[in-house]
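Each remark here refers to the structure printed beneath this line.
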Amino acid sequence: MKIKLYDHLNKQFGYDMFRIGQEEVITSVLEGKHTLAVLPTGTGKSLCYQLPGYLLKGIVIIVSPLLSLMQDQVEQLKINGEKRVTALNSFLESKERKQIIHSLQNYRFIYTSPEMLTNNEILQKLKQMEISLFVVDEAHCISQWGPDFRPDYLNLSMIRSELKNPTTLALTATATEDVRADIIKHLNLDNVNQLIYSVDRPNIALVVEETTNYNDKVNKLLQFVKQLQKPGIIYFSSKRLTEEMAALLRNNGIAQTAAYHGGMDREQRILIQQQFLHNQLQVICATSAFGMGVNKENIRFVIHFHMPYQLDSYLQEIGRAGRDGKKSIAVLLYSPGDEFLPLQIFENELPSDDQIEQFFLLNKNSNEESLLNLTEIQLRFLTYYQKKYERSEVAKRVKRIRDFRIQYKQKKLNEMVKWVKSTTCRREGILRYFQEQKVTNVKDCCDVCGVHIENYQTYIPENVKGQNENWQLLLKNLLIRGDEK
DNA sequence: CGCAATTATGGTATCATAATTGCGGTGCTATACT
């Protein structure tokens, strides 16, 4: 068996050796065990189902959160000479789609979304196929997005049982015990083989930098970006700020800078990501929309202008640095009150008591929904639970689910803030959160243990101080220009 | 929450200030219609 594995590794993928965890995951899957694998970023998770795909009889279904990820993976497999691969999603024209659905048995790998699988026509068709492996890529999305943002993620257990409980592999780079329990629950798996590897990335120094106010933060950001080795990513919680700050950086001599967020055209987003991957851009100012599936080895820094609402996301985002194993740095800029932005966002995203009550009083066939001024997310949240609980007291139950969800996010945010404000080793703090112990003694560990910042800087020939003085002027000009619009 | 933008107010000009409102993140799919 072992020899066969290495044979295939070499023949299909051209590698001589497995990376950490890969062999264990593949063996587990081939033995028909449901497997939950937490493998650190950059260890080649896709191989964990692609190789078994060649050894098993039947179709491999891969549930992926993003269309762009599916397209990338399909392309990658095609480059490797695999023709029996497709992405079943809304990119397909209806003709194409019909054709593919009609000939599903001809494929070995089918990438798709939870939303597509919820479509009854597609599910019925898949039921007739022999499915050798059901893969959920980026499985933390079940827990992170399922309960509100993308409820179809919660349908996966129903889908799995419709497909007669195929061997399932859930893959992610970060998952605490709670999140793992959530994944297992929503996939309805029993006897799960959990293969958990350390989430620690010793080559990434962890720095939290306190700032006194907004201007001070902008100032510090500018200093860091000027001095740190590039390429790098800066995360913001606002689309508007990604664009404003990208302009500010460009005006300050960091020419190869661009913004990236979910409000941009799809084409524009792809262009920017490609330019970054090919070193035509040095700095990306982004919202959390940027990152999943960005396989760039040499990212040297990740700065957070705003912190995310949970350490899970923080680790995902900083984990994009230093995949080549070389020294990299994560800097989180904090100013007092920063935690109120995420708090506000998730306290308002779900429907209010009034909205819930009124929604369930509506006549389902009328179009009165529009009168409630619901956002798309609120409407989907309500519709999902309307279908799920078709009986009395729905409103009460939905309110309880909403409250529970808000409380959960508040708890997550509190843990994040506690970490930011703590005065003990940052690495230890993160690892404790992931139920791990710090084992290695890391040089340049964190701001608490001490970091030699010069290890992460580029040599700057000009007088930096002189340049720093006119940023305020530039910012002022920028803001004035903004006012005139 | 905290800040910016918009609207309301007062008293009766064409404005200064107060009060209110809005904004702030992640993506799938389906369908109608220029």
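None of the values given here were measured: they were computed from a predicted structure. Reminder, nothing fancy here: chain letters follow the sequence lines and each chain counts from 1.
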Please state whether the base of B:dG2 and the side chain of A:Q344 form at least one donor-acceptor pair under 3.5 Å?
-> no

How many Å lie between CE on A:M264 and C1' on B:dG25, as a whole number?
-> 15 Å

Value in whole Å for how far the P atom of B:dC28 lies from CG of A:L92 = 13 Å

Tell me: CD1 of A:I270 to C1' of B:dG27, nearest whole Å?
-> 14 Å

Filtered N/O pairs between nucleotides 30-34 of chain B and protein, under 3.5 Å:
residue: B:dA30; atom: OP1; partner: A:R97; partner atom: NH1; Å: 3.1
residue: B:dA30; atom: OP2; partner: A:R97; partner atom: NH1; Å: 3.4

With distance as the sole criterion, is a donor-acceptor pair present between the side chains of A:H140 and A:T172 under 3.5 Å?
-> yes

What do the steps show when you test A:D403 against A:K399 for salt bridge (charged side-chain N to carboxylate O under 4.0 Å, His left out), and what is the final call?
-> CA-CA 6 Å; A:D403 290 343; A:K399 279 187 213 167; over 6 Å; no

Looking for any heavy atom pair under 4.0 Å, which part of the strands does A:P308 touch: base, sugar-phosphate only, or nothing?
-> nothing

Between B:dG24, B:dG25, B:dC28, which nucleotide has the shortest distance from any of its atoms to the side chain of A:S288?
-> B:dG25

Rounded distance in Å - CG (A:L66) to C1' (B:dG25) = 14 Å

With heavy atoms under 4.0 Å as the rule, sort A:G262 into base, sugar-phosphate or nothing.
-> sugar-phosphate

If you measure from the P atom in B:dA5 to the same atom in B:dG25, how many Å do you get, rounded?
-> 16 Å

Counting side-chain heavy atoms from C-beta on, which of B:dG24, B:dC28, B:dT26 comes nearest to A:E376?
-> B:dC28

A:E349 near the nucleic acid: base, sugar-phosphate alone, or nothing, with a heavy-atom cut-off under 4.0 Å?
-> base

Does A:R240 make a side-chain N or O approach to OP1 or OP2 of B:dA5 shorter than 4.0 Å?
-> no

Where does DNA chain B form stems of at least three consecutive Watson-Crick or G-U wobble pairs, each pair having both distances below 3.5 Å?
-> B:1-10 with B:15-24

Trace of the salt bridge (charged side-chain N to carboxylate O under 4.0 Å, His left out) decision for A:D178 with A:K412 = CA-CA 11 Å; A:D178 304 13; A:K412 289 281 189 184; 5.2 Å; no

A:R150 bridged to A:E115 by N-O distance under 4.0 Å | yes

Within the distance-only criterion (no hydrogens, no angle test), does the side chain of A:R405 pair as donor or acceptor with the backbone N or O of A:P147 below 3.5 angstrom?
-> no

With A:I303, which of A:L228, A:L332, A:I233 fulfils side chain to side chain contact (heavy atoms under 4.5 Å, CB included)?
-> A:L228

Does A:S238 place a side-chain N or O at less than 4.0 Å from the phosphate oxygens OP1/OP2 of B:dC23?
-> no

Length of the CD-P vector between A:E317 and B:dG25, whole Å = 14 Å

Below 4.0 angstrom, N of the basic side chain to O of the carboxylate: do A:K125 and A:E121 qualify?
-> no

Using a 4.0 Å heavy-atom cut-off across all strands, classify A:L241 as base, sugar-phosphate, or nothing.
-> nothing

Using atom CG of A:L88 as one end and atom C1' of B:dC28 as the other, report the distance to the nearest whole Å.
-> 13 Å

Quick one: A:I142 CD1 to B:dC28 P, roughly how many Å, whole number?
-> 16 Å

Tell me what A:I377 touches on the nucleic acid: a base, only sugar-phosphate, or nothing, going by heavy atoms under 4.0 Å.
-> base

Spacing of the C1' atoms in B:dG10 and B:dT14 (rounded, Å) = 13 Å

Take the protein atom CZ of A:F149 and the nucleotide atom C1' of B:dT26, then report the distance between them rounded to whole Å.
-> 4 Å

In sequence, state the C-alpha distance, the side-chain angles, and the governing distance for A:N298 and A:R323, and then conclude on side-chain hydrogen bond (donor to acceptor under 3.5 Å, both in side chains).
-> CA-CA 7 Å; A:N298 65 337; A:R323 293 203 179 169; over 6 Å; no

C1' spacing across the pair B:dT12 / B:dA16, given as an integer number of angstrom = 14 Å

A:Y408-A:F404 aromatic ring centre distance below 6.0 Å | no

Among the candidates B:dG25, B:dG24, B:dC28, find the nucleotide nearest to the side-chain atoms of A:S113.
-> B:dC28

Ring centres of A:H304 and A:Y314 under 6.0 Å apart?
-> yes

Under 6.0 Å between the ring centres of A:F346 and A:Y309?
-> yes

